[in-house]
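Here's the structure we're looking at; comments come further down.
Please read these numbers as outputs of a predicted model, since none were measured by experiment.
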Protein chains: 2
Amino acid sequence: MKLSERKKKILRCVVADYIAEAQPVSSKSITEKYMKDISSATVRSELAGLEEMGYLNQLHTSSGRVPSIEAYKLYVTELMDRSKLSSKETGMIREAFKDHVDNLEEVVQNAVKVISELTDYTSVALSGHSGEEEIIKIDLFRYRKTQALLLVVTENTLIRDKFIEIPENMTDGQIQDAGRMLNRLFGGKKLKEALSLGQVAREEIESYKEIFDGVMDAIEDYIVRNKADVITEGEGKILNHPEYNNDAEKVKNFLSVVTSKEKLFDLLKEKDDGIEVNIRIGGGQKENMPEDCSLVTATYSASGVEIGTYGVIGPLRMDYRKVVSVLEGVGKVLEDIMKNKKD
Amino acid sequence: MKLSERKKKILRCVVADYIAEAQPVSSKSITEKYMKDISSATVRSELAGLEEMGYLNQLHTSSGRVPSIEAYKLYVTELMDRSKLSSKETGMIREAFKDHVDNLEEVVQNAVKVISELTDYTSVALSGHSGEEEIIKIDLFRYRKTQALLLVVTENTLIRDKFIEIPENMTDGQIQDAGRMLNRLFGGKKLKEALSLGQVAREEIESYKEIFDGVMDAIEDYIVRNKADVITEGEGKILNHPEYNNDAEKVKNFLSVVTSKEKLFDLLKEKDDGIEVNIRIGGGQKENMPEDCSLVTATYSASGVEIGTYGVIGPLRMDYRKVVSVLEGVGKVLEDIMKNKKD
DNA sequence: GTTAGCACTCTTTGTGCCCGACTGCTAACT
DNA sequence: AGTTAGCAGTCGGGCACAAAGAGTGCTAAC
């Protein structure tokens, strides 16, 4: 069977109505609300077709239709129109970033907060470090007999601290010397460059091999998995939505993901390159994706540097239209801010 | 009316049984399970007395009794006996700290995790810094034209980074000079000392007043409210307990506190001095305490230095006996570890 | 291809009823 | 005076049943 234009239109109505009302959608309500020109009987036969094609489900014989996962997917890729934010909403976004634009940490906090407030879903973020940030300074000093504290300071306010093992007989002078060496070698380089540079340089620096390895570890650790930079807001918002209201098991599942920075990191790190807004619907394949959930993410960058992946996680029956427009709206404001900040 | 010994015994039975079964307790079940020597009619008249005294409530005529907040309070202070942990449980605690005892952050993580697992409640921690830690090093360097990055490194792995404003015309040399000055002044001092020292020294250092103020701010900020050190685990565990299973509003309230580091910090910072285990039952007076919740906390210290406040937050009907023994058990192991670490 | 009409299905809601779980009270007992 | 057995009274939970309502699929006519 082919998806005729009318079928598409009807499917769009069903999904949109179900998102808005959280109730199975009947043929009658479609004709009354959206398509006064045709009769409910016609819609009924179209609905039967859509159900056969796998886009709709029926809870029982005499109930209205509910969208399937496939329907949601089609909806966000083809059927959904984009909405504009109201001026009140854009105002709220601008307001959120009024202060504290200096500190990236706070910027991210504010972004996550305003996203959660505007969408009424749980929002999450992974602040960006694709390895493109420059190393401003490396600092190294003795902490205990066999341990030194390593600090790697990059632009974007980000600091990585890590303890590394050092030989017991190392003098303070040698540690300082090693620190100078590290700064000479890595200062001004991008993290990514430093990582590949490390493969080559390792041979040259015999004397401080242990320290050197520690630094490389720290940088790799930082690029590959920095769970500390996962931020969440509005974890309890899931309970505002009826599908989670009487299902403790579902809520528990959801929370076990949303409150685990490791699991969220796993979900957020996979961003499709170049796609502005990425929508993942339904669990299934992805290990850490909670059952019956959707994740909508957007990755922002300014002047070529990624500044983070922001997203919203919630039920399948999510207001994708609104979520997408909020994420885009925040993205625009964020871009402006980062541009001005550069000066 | 006086609280006779028998009344106390019966009240203990009611509270213990209610904690175990989550069901109103009847006079019959008391005689059958705990007090075979007297009849249910006798227990009934005692229960009526206890109810009049405000220790018990009845949901409706012909239902069993449920403990009041007062009853819980009496239970934990007077009636409850302490339990020993099983060897399996102490084993689990030791196991949890097997590795990573070097990094205080991970120690705290593990503590919180094992507490949550053993008790089946949400557990929280505030790693300790009463201001007793020594400043090991202060580092200062230019970040942007009018900003410098300040690092304060203390023992216990704790690092505080903060941006401070600097005069635009300050040279790199001056910044370094200021850094040296700060190290000379504060190095080796305890945070608290540094804070009071600051009041005096400020006058002497006219040249770097702005920087100096920034440092004092950072230290104060750190001592007074370091929300970054609030850690939680098992947020969803609340749903394992029937009183929260069908009350989305209650869960939302609970989560809004447990997922807010600020609110948790407010709750955890108030620790009664010298009391080993602190039990706060019921919301009411405390602003950030969720309705109908209890918070059991223990503050650990080793060699006179506080290493943190750990706790469990959950329903009024909490297994106080188990929670207290787990907190004590973890405390002992933690103390051992910190003692060994000092070497 | 579309529509009106109708029979059918299934859920939801409300009602009455009974059963069981407790209590409180009273009168008798120790 | 304290304790106990027995009994009447209260309330919630569960079940059956009926009625109402929502929505569909099918058919025959347009």
Side-chain angles (χ1 to χ4, degrees), chain A residues 1-11 13-15 17-18 20-68 71 242-243 245-246, chain B residues 1-11 13-15 17-18 21-68 71 242-243 245-247:
Chain A
M1 208 185 299
K2 240 209 91 223
L3 246 188
S4 68
E5 277 310 307
R6 193 170 67 183
K7 275 205 177 61
K8 281 188 189 172
K9 186 173 173 196
I10 290 175
L11 186 56
C13 292
V14 173
V15 177
D17 195 79
Y18 186 68
E21 308 290 343
Q23 297 283 339
V25 184
S26 75
S27 56
K28 198 177 149 210
S29 69
I30 290 177
T31 52
E32 280 175 1
K33 284 198 218 170
Y34 312 102
M35 306 178 80
K36 293 214 175 73
D37 51 327
I38 55 176
S39 82
S40 64
T42 312
V43 173
R44 270 203 292 286
S45 68
E46 294 285 52
L47 289 178
L50 285 164
E51 181 167 0
E52 206 178 327
M53 294 161 80
Y55 289 116
L56 295 176
N57 293 316
Q58 230 174 344
L59 303 177
H60 54 85
T61 347
S62 72
S63 86
R65 298 321 206 276
V66 168
S68 71
E243 42 266 75
N245 242 311
N246 283 306
Chain B
M1 206 185 301
K2 240 210 93 222
L3 244 189
S4 68
E5 277 309 308
R6 194 170 65 180
K7 275 206 178 56
K8 282 188 188 172
K9 187 174 171 193
I10 289 176
L11 186 56
C13 292
V14 174
V15 178
D17 195 80
Y18 186 68
E21 308 290 342
Q23 298 281 341
V25 183
S26 74
S27 56
K28 199 178 149 210
S29 69
I30 291 178
T31 53
E32 279 175 2
K33 285 198 215 170
Y34 312 101
M35 306 180 82
K36 293 216 175 71
D37 51 326
I38 55 175
S39 83
S40 64
T42 313
V43 174
R44 271 203 292 285
S45 67
E46 295 284 52
L47 289 177
L50 286 164
E51 182 166 358
E52 204 177 329
M53 294 160 80
Y55 289 116
L56 296 177
N57 293 316
Q58 231 174 343
L59 304 177
H60 53 86
T61 1
S62 93
S63 88
R65 289 340 199 267
V66 168
S68 71
E243 42 267 75
N245 241 309
N246 285 306
D247 196 334

Quick one: which of [options] gets closest to the side chain of [X]?
| X | options | answer |
| --- | --- | --- |
| Ser39(A) | dG24(C), dT3(C), dG25(D) | dT3(C) |
| Ser62(B) | dT10(D), dG25(D), dG24(C) | dT10(D) |
| Ser26(A) | dT24(D), dT10(D), dT2(C) | dT24(D) |
| Ala41(A) | dG24(C), dG9(D), dT3(C) | dT3(C) |
| Ala48(A) | dT4(D), dG25(D), dC11(D) | dG25(D) |

Just name whichever nucleotide pairs with dC22(C), Watson-Crick or G-U, keeping both distances under 3.5 Å, else none.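 Base partner found: dG9(D).
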
dG6(D) base to Arg44(B) side chain: any donor-acceptor pair below 3.5 Å?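 It does, because a donor-acceptor pair links the side chain of Arg44(B) to the base of dG6(D) below 3.5 Å.
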
Quickly work out the [X] [atom1] to [N] [atom2] distance and round it to whole Å.
| X | N | atom1 | atom2 | result |
| --- | --- | --- | --- | --- |
| Leu56(A) | dG23(D) | CG | C1' | 14 Å |
| Arg6(B) | dA1(D) | CZ | P | 16 Å |
| Leu47(B) | dC25(C) | CG | P | 13 Å |
| Ile30(B) | dA21(C) | CD1 | C1' | 15 Å |
| Lys28(B) | dA5(D) | NZ | P | 14 Å |
| Lys36(A) | dT3(C) | NZ | P | 15 Å |
| Ile10(B) | dT3(D) | CD1 | C1' | 12 Å |
| Gln58(A) | dC8(C) | CD | C1' | 13 Å |

Reported [atom1]-to-[atom2] distance for the pair [X] and [Y], which is rounded to 0.5 angstrom:
| X | Y | atom1 | atom2 | result |
| --- | --- | --- | --- | --- |
| Arg44(A) | Ser39(A) | CZ | OG | 7.5 Å |
| Arg65(B) | Ser29(B) | CZ | OG | 11.5 Å |
| Ile10(A) | Ile38(A) | CD1 | CD1 | 4.5 Å |

Hey, does Val14(A) have a side-chain heavy atom less than 4.5 Å from the side chain of Leu50(A)? no

Is the shortest heavy-atom distance from the side chain of Cys13(A) to the side chain of Lys33(A) under 4.5 Å?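 No, too far: nothing below the 4.5 Å cut-off.
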
Need one value for Ser27(A): base, sugar-phosphate or nothing, where a base atom within 4.0 Å counts as base even if backbone is also close, heavy atoms only.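 Sugar-phosphate only.
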
If you assign each of Ser63(B) and His60(A) to its closest nucleotide in DNA chain C, which residue comes earlier from the 5' end? His60(A)

Report yes if at least one side-chain N or O of [X] is closer than 4.0 Å to OP1 or OP2 of [N]; otherwise report no.
| X | N | answer |
| --- | --- | --- |
| Thr61(A) | dC10(C) | yes |
| Thr42(A) | dT3(C) | yes |
| Arg65(A) | dG23(D) | no |

